[in-house]
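Residue numbers begin at 1 in each chain, while the letters A, B, ... track the order of the sequences. Since the model is a prediction, treat every value here as computed from it, not as a measurement.
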Protein chains: 2
Amino acid sequence: MSEKDLNTEQKILEAARVVFIEKGFEGARMQEIADEAGINKALLHYYYRSKDKLFEGVFRDAFFELVPHIVQLIKSDIPLFDKIETFVREYIIVFQKNPYIPGFILHELSRNPGRIVTMISDIGVDPQVFIDQVEQEVNKGTIHPINPYQLIVNMLALCIFPFVASPIIKNIIFSKKPGYFDQFIEERKTEASQFIINAIKK
Amino acid sequence: MSEKDLNTEQKILEAARVVFIEKGFEGARMQEIADEAGINKALLHYYYRSKDKLFEGVFRDAFFELVPHIVQLIKSDIPLFDKIETFVREYIIVFQKNPYIPGFILHELSRNPGRIVTMISDIGVDPQVFIDQVEQEVNKGTIHPINPYQLIVNMLALCIFPFVASPIIKNIIFSKKPGYFDQFIEERKTEASQFIINAIKK
DNA sequence: GTCTATATTGTGATAGAC
DNA sequence: GTCTATCACAATATAGAC
């Protein structure tokens with residue numbers, strides 16, 4: 001579906017998404033969003049009353065595009081090692097397509113942590129299933145004892161961090177290997193899960 | 001040294017540091033920096049000509065406080081497992097004291113990646129020593145084969161991510177365990193390095 | 001060096017014609 | 001629904017007195 005096929009309201013939301021996600025709330029300009037959408041500023045206010053309202057729509061979409069997805073996966077009823085492999089692969093693929101989203105969400109949440117409270121109740125957030133699953137594997141002796149919370153954060157960290165820190169990685173760590181980043185991420189879809197599984201399996 | 005002992009220029013830089021690191025460049029207000037320093041706006045411009053110049057000072061300080069530190073450690077001549085343990089512990093301690101710094105640096109770099117280019121040349125950035133060290137251990141058969149670049153990013157990710165993502169961790173993952181975050185970080189000083197070492201050692 | 005007052009520009013938001 | 005023109009205010013920056 002090309003841009004021409006979208007109605008004005010959709011065009012605005014899509015333009016706002018592009019600008020807000022790249023620049024953040026404070027850095028985004030209504031003028032830039034209007035330009036991106038090929039309309040003028042006044043129309044933005046006609047459809048969405050304020051910058052805040054427009055932002056809220058964009059943020060909620062981005063948030064609910066990512067978070068419930070992983071919450072489901074974490075709770076799902078598949079073997080632990082399979083779950084880790086799937087989690088890592090699927091998540092990295094999502095970020096590969098939307099590399100700015102992780103930084104956007106993290107920055108906006110730290111700018112306004114209260115925002116999250118209004119959204120949590122909409123998602124069934126309960127890491128208990130995963131925690132039980134990890135503890136069962138520990139009891140069975142298939143993995144080393146580990147704090148399940150540390151494991152969850154490790155999984156998130158290994159998937160998300162490369163995208164949040166891409167300027168540092170590209171320019172400092174890979175400064176001698178220009179263009180290596182994409183290949184690095186490609187490798188990571190399997191490397192990261194192997195890393196995690198090696199870390200916990202007996 | 002209390003605030004009273006600082007001269008005006010130092011007070012301004014310290015105030016700017018507090019405000020910029022918490023709010024980011026776009027979110028920071030010169031008025032707020034002036035208030036924080038206990039002076040008025042005009043004096044900010046007397047000492048630093050513009051908001052940009054003031055920010056640049058703050059950013060450089062924060063950047064050079066963190067990055068050369070780890071570059072040195074990564075290059076240093078100590079055994080791999082010791083190096084990993086030291087790296088994780090020291091880095092997490094730094095972030096414990098300055099939890100906003102990682103997010104600040106990452107966000108500002110992604111907002112203006114060009115900034116980093118002017119700074120890199122000042123640091124001797126060369127991961128080669130670490131890469132050689134990892135490959136030697138692989139050849140000796142003490143660790144599994146691993147891409148050293150993946151390993152470096154994993155180490156950074158496990159240390160830095162919890163601070164960048166603290167709102168998500170506190171409100172979503174630990175929503176049933178209020179106040180747990182600090183203890184979680186404390187544990188992590190040793191848990192994260194054990195995780196890494198388990199992942200690579202044979 | 002430090003202040004008050006003011007200039008200047010940028011930006012979100014609205015009024016009103018079509 | 002969409003536009004042009006404009007308002008109102010916020011924020012950086014400067015002038016000038018002390």
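- A salt bridge does not link B:E56 with B:K51: none of the charged nitrogens is closer than 4.0 Å to a carboxylate oxygen.
- Under the 30°/60° scheme for interplanar angles, the aromatic rings of A:F184 and A:F174 are found to stand perpendicular.
- How far CD of B:Q128 is from CD of B:Q133: 12.0 Å, rounded to the nearest 0.5 Å.
- The CG atom of A:L44 sits 13 Å away from the C1' atom of D:dG1 (whole-angstrom rounding).
- Nearest heavy-atom pair across A:H144 and A:V138 is O-CG2, 3.7 Å.
- Close to D:dT2, at under 4.0 Å from its OP1 or OP2, lies a side-chain N or O of A:T8.
- The residue B:Y46 sits close to a base: some heavy atom pair falls under 4.0 Å.
- For A:R29 and C:dG12, the shortest distance from a side-chain N or O to OP1 or OP2 is below 4.0 Å.
- Pairs of residues two or more places apart, or lying in two chains, that qualify as side-chain hydrogen bond (donor to acceptor under 3.5 Å, both in side chains) and include a residue from residues 163-184 of chain A are A:Y180-B:N147.
- Rounding to whole angstrom units, NZ of residue B:K51 and C1' of C:dT9 are separated by 14 Å.
- For the pair B:N7 CG and C:dG1 P, the computed distance is 9 Å after rounding to whole Å.
- A tilted orientation is assigned to the rings of B:Y91 and B:F87, their planes being inclined by 30° to 60°.
- Between A:H45 and C:dA13 there is a side-chain N or O to OP1 or OP2 distance below 4.0 Å.
- If you take CG of B:L43 and P of C:dT2, they are 5 Å apart, rounded to a whole angstrom.
- Because its NZ or CZ atom is not both nearer than 6.0 Å to the ring centre of A:F81 and within 45° of the ring axis, A:K201 does not count as a cation-pi partner of that residue.
- Contact annotation for B:A28: backbone-only contact, meaning every heavy-atom pair under 4.0 Å involves sugar-phosphate atoms and none involves a base.
- What separates CE of B:M30 from C1' of D:dA13 is a distance of 8 Å, to the nearest Å.
- Atom CG in B:D52 sits roughly 17 Å away from atom P in D:dA11 (whole-Å rounding).
- OP1 or OP2 of D:dC3 has at least one side-chain nitrogen or oxygen of A:N40 nearer than 4.0 Å.
- Shown for residues 12-23 of chain A: no residue has heavy atoms falling under 4.0 angstrom of DNA chain C.
- Distance CZ (A:F55) to C1' (C:dA13): 19 Å, rounded to an integer number of Å.
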